[in-house]
Amino acid sequence: MSAIVVISFTVIYHLVTIFMIRKLKLSTRKMCICAIIVAMTIVLDSIRFPLPTGATISLCSPIPLMLMALLVDYKLAFMGGWLCGILALILIPVWSLAHWGQFFVEHMICFSCLGYTGLFGINKKYKVLLGVLLASAISIFAHTGSGVLFFSQNAWDGWNALNYSLAYNLSQNVPLFIICGIVVLSLPLNKIKSIIERK
């Protein structure tokens, strides 16, 4: 995975996401929901469990943003994700920057991409699954690209930067997104959304 691939992916991601968010209409209610979801995400991401690879896995921190994308507005989840990326930099030690470019490659993608969970809607379970898979893939790619560009010096003996980053990031992100996907898919999303919309 070359720097050109990672940088191209980062630029395309941000351009597409900004284009998609352009018609987001904010109300007081939506801003309050977003603030609560961002706070929940930061708290859950602060609770981490160590793994043998040296990585850590959070306490299902993607779930609040995923649910906001599915039940409220996926565009609002993009914005909430960007706010989480900024706050994580300040509040969560494991998100400290190794390089300023990491902010755009990892911080501003790995939370905001959870908005893509709601891209296909919730009327069918397979659409929810597609959204979860898309968000997971984007997050894993961003984490892995960041590892290759900014953490290659941490590679284990005999491992190149790509293999090290894949092993490190897959060990934490695959279990995390499997658990989050199971939780999200097990919820009666249509019923929850109808209750939210009646408020």
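What you see below is based on every heavy atom in this structure, not just the backbone, and it leaves out hydrogens, waters and symmetry mates.
No chain of hydrophobic side-chain contacts below 4.5 Å, direct or via other Ile, Leu, Val, Met, Phe, Trp or Tyr residues, connects Val38 to Val43. Follow the hydrophobic side-chain contacts under 4.5 Å out from Phe104 and you never reach Ile7; the two are in separate clusters. The same ILVMFWY cluster, assembled from side-chain heavy atoms under 4.5 Å apart, contains both Ile33 and Ile21. Residues Ile36 and Val72 share a hydrophobic cluster, clusters being chains of Ile/Leu/Val/Met/Phe/Trp/Tyr side chains in contact below 4.5 Å. Grouping the Ile, Leu, Val, Met, Phe, Trp and Tyr side chains by contacts below 4.5 angstrom, directly or via other members, places Leu114 with Ile192.
In this structure, OG1 in Thr28 is found 4.5 Å from CE in Met31, a value given to the nearest 0.5 Å. Between Ser152 atom OG and Asn160 atom CG the span is 10.0 Å, to the nearest 0.5 Å. Note that OG of Ser58 is 8.5 Å distant from CG of Asn173, once rounded to the nearest 0.5 Å. One finds the CE atom of Met66 at 12.5 Å from the CG atom of Leu71 (value rounded to the nearest 0.5 Å). Atom-to-atom distance recorded for Gln172:CD and Phe177:CZ is 9.5 Å, nearest 0.5 angstrom. Distance check: Lys75 NZ to Lys25 NZ gives 9.5 Å after rounding to the nearest 0.5 Å.
The six-membered or imidazole ring of Tyr126 lies away from that of Phe120, with a centre-to-centre distance of 6.0 Å or more.
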Take Phe9 and Ile109 through the test side chain to side chain contact (heavy atoms under 4.5 Å, CB included) and record every step on the way to the result. CA-CA 10 Å; Phe9 166 80; Ile109 294 180; 4.0 Å; yes

Kindly determine whether Met108 and Ile86 satisfy side chain to side chain contact (heavy atoms under 4.5 Å, CB included), including the steps that lead there. CA-CA 8 Å; Met108 297 303 282; Ile86 294 168; 4.2 Å; yes

Check against side chain to side chain contact (heavy atoms under 4.5 Å, CB included), Thr117 and Leu65: CA-CA 9 Å; Thr117 305; Leu65 283 168; over 6 Å; no

For Leu129 and Lys125, run side chain to side chain contact (heavy atoms under 4.5 Å, CB included): C-alpha distance rounded to whole Å, both residues' side-chain angles, the deciding distance at 0.1 Å, then the answer. CA-CA 6 Å; Leu129 178 60; Lys125 287 290 185 182; over 6 Å; no

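Without hydrogens or angle criteria, Ser96 side chain to Pro93 main chain gives a donor-acceptor distance under 3.5 Å. The main-chain N or O of Ile37 is found under 3.5 Å from a side-chain atom of Thr41 such that the two form a donor-acceptor pair. Judged by distance alone, with hydrogens and angles left aside, the side-chain atoms of His107 form no donor-acceptor pair with the main-chain N or O of Cys84 at under 3.5 Å. With hydrogens and angles ignored, the 3.5 Å screen pairs no side-chain donor or acceptor of Thr17 with any backbone N or O of His14. Judged by distance alone, with hydrogens and angles left aside, the side-chain atoms of Gln102 form a donor-acceptor pair with the main-chain N or O of Ala98 at under 3.5 Å. Between the side chain of Tyr116 and the backbone N or O of Ala69 there is no donor-acceptor pair closer than 3.5 Å. Using modelled atom types, no side-chain atom of Thr144 and backbone atom of Phe141 make a donor-acceptor pair closer than 3.5 Å. Within the 3.5 Å criterion, the main-chain N or O of Val132 finds a donor-acceptor partner in the side chain of Ser136.
Using bins of under 30°, 30° to 60° and over 60° for the plane-to-plane angle, the ring pair Phe78/Trp82 lands in the tilted bin. Ring orientation note: the planes of His143 and Trp95 are tilted relative to one another, at an angle of 30° to 60°.
Grouped by direct or indirect side-chain proximity (heavy atoms under 4.5 Å, Ile/Leu/Val/Met/Phe/Trp/Tyr only), Phe49 sits with Leu44, Ile47, Leu51, Ile57, Leu59, Leu176. Grouped with Tyr164 in one hydrophobic cluster are Trp156, Trp159, Tyr168, the linkage being side-chain heavy-atom contacts under 4.5 Å among Ile, Leu, Val, Met, Phe, Trp and Tyr residues.
Shortest non-hydrogen contact noted between Tyr13 and Ser112 is OH-OG, 2.6 Å. What you find for Leu70 and Gly121 is that their closest heavy atoms are CD2-O, 4.2 Å. Pro50 approaches Thr56 most closely through the heavy-atom pair CA-CG2, 4.0 Å. Contact between Gly101 and Phe150 at its shortest, heavy atoms only, is C-CZ, 3.6 Å. Heavy-atom minimum distance, Leu26 versus Leu76: CD2-CD1, 3.6 Å. Nearest approach of Met68 to Cys34, heavy atoms of both residues: SD-CA, 4.0 Å.
Counting heavy atoms from C-beta on, the side chains of Asn169 and Ile140 never come closer than 4.5 Å.
Summarising the local packing, CD1 of Ile4 is surrounded by 12 or fewer heavy atoms from other residues, nucleotides or ligands at distances under 6.0 Å.
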